[in-house]
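Just so you know, ligand 1 is whichever comes first in the structure, and atom 1 is the first atom listed for that ligand.
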Amino acid sequence: MGARQKYRLRARSDREVIREVEPGKTYVDRESGEEFEVVSKLLPLAPSPSELPWSVENLRLCGCSLEQLAPKDLNDCPHCGRRLPAIER
Ligand SMILES: [Zn+2]
């Protein structure tokens with residue numbers, strides 16, 4: 001975990017996601033249908049899978065039965081592996 005390069009992607013409506021990207025693949029916002037553009041590359045930090053400090057504004061409940069806090073920049077819950085929903089802004 002945390003070994004793959006992640007990128008910040010932004011749609012026209014300023015919605016952002018942080019994820020790994022594959023070259024040549026197009027990423028579309030599931031809600032707005034807008035295409036994401038890669039705006040920056042995140043530095044990989046080990047050993048945490050998250051690039052965010054462990055503070056309350058960077059955490060959210062993953063929603064699984066474990067009711068664990070998950071960093072907001074993760075796509076998957078680090079506790080149960082459940083896919084996390086896109087963050088509302
Ligand atoms: Zn979970």
Side-chain angles (χ1 to χ4, degrees):
M1 299 205 9
R4 307 265 309 268
Q5 178 63 54
K6 289 197 173 67
Y7 295 84
R8 183 184 303 276
L9 307 183
R10 186 180 296 150
R12 254 182 305 137
S13 56
D14 281 345
R15 282 171 53 86
E16 288 188 353
V17 296
I18 291 172
R19 59 163 301 153
E20 297 154 7
V21 298
E22 292 169 37
K25 192 168 173 189
T26 300
Y27 294 92
V28 175
D29 186 343
R30 273 174 297 184
E31 289 179 22
S32 68
E34 294 167 347
E35 257 184 48
F36 282 117
E37 285 181 17
V38 177
V39 291
S40 65
K41 185 176 178 177
L42 298 185
L43 294 177
L45 294 182
S48 169
S50 167
E51 287 83 7
L52 296 174
W54 190 259
S55 60
V56 68
E57 63 268 25
N58 290 331
L59 297 170
R60 57 177 168 157
L61 283 171
C62 88
C64 72
S65 58
L66 301 176
E67 295 190 348
Q68 293 295 312
L69 290 172
K72 287 180 177 175
D73 64 339
L74 295 188
N75 291 326
D76 302 295
C77 171
H79 308 285
C80 65
R82 179 179 177 271
R83 191 82 178 163
L84 296 168
I87 295 170
E88 300 295 329
R89 287 179 188 271

Excluding waters, which protein N, O or S atoms are within less than 2.8 Å of the Zn ion (ligand 1)?
Cys62 SG, Cys64 SG, Cys77 SG, Cys80 SG
Side-chain contact, heavy-atom cut-off 4.5 Å: Phe36 with Arg19?
no
Verdict with reasoning, Leu84 to Arg60, per side chain to side chain contact (heavy atoms under 4.5 Å, CB included):
CA-CA 10 Å; Leu84 296 168; Arg60 57 177 168 157; 3.3 Å; yes
Which residues share a salt bridge (charged side-chain N to carboxylate O under 4.0 Å, His left out) with Arg83, sequence neighbours left out
Asp76
Taking only residues two or more places apart in sequence or in another chain, which ones pass side chain to side chain donor-acceptor pair (under 3.5 Å) with Ser32?
Asp29, Glu34
May I ask you to say whether Arg10 pairs ionically with Glu16, meaning some side-chain N is under 4.0 Å from a carboxylate O?
yes
For Leu61, give me all partners under side chain to side chain contact (heavy atoms under 4.5 Å, CB included), at least two apart in sequence or on another chain.
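Here the qualifying residues are Leu69.
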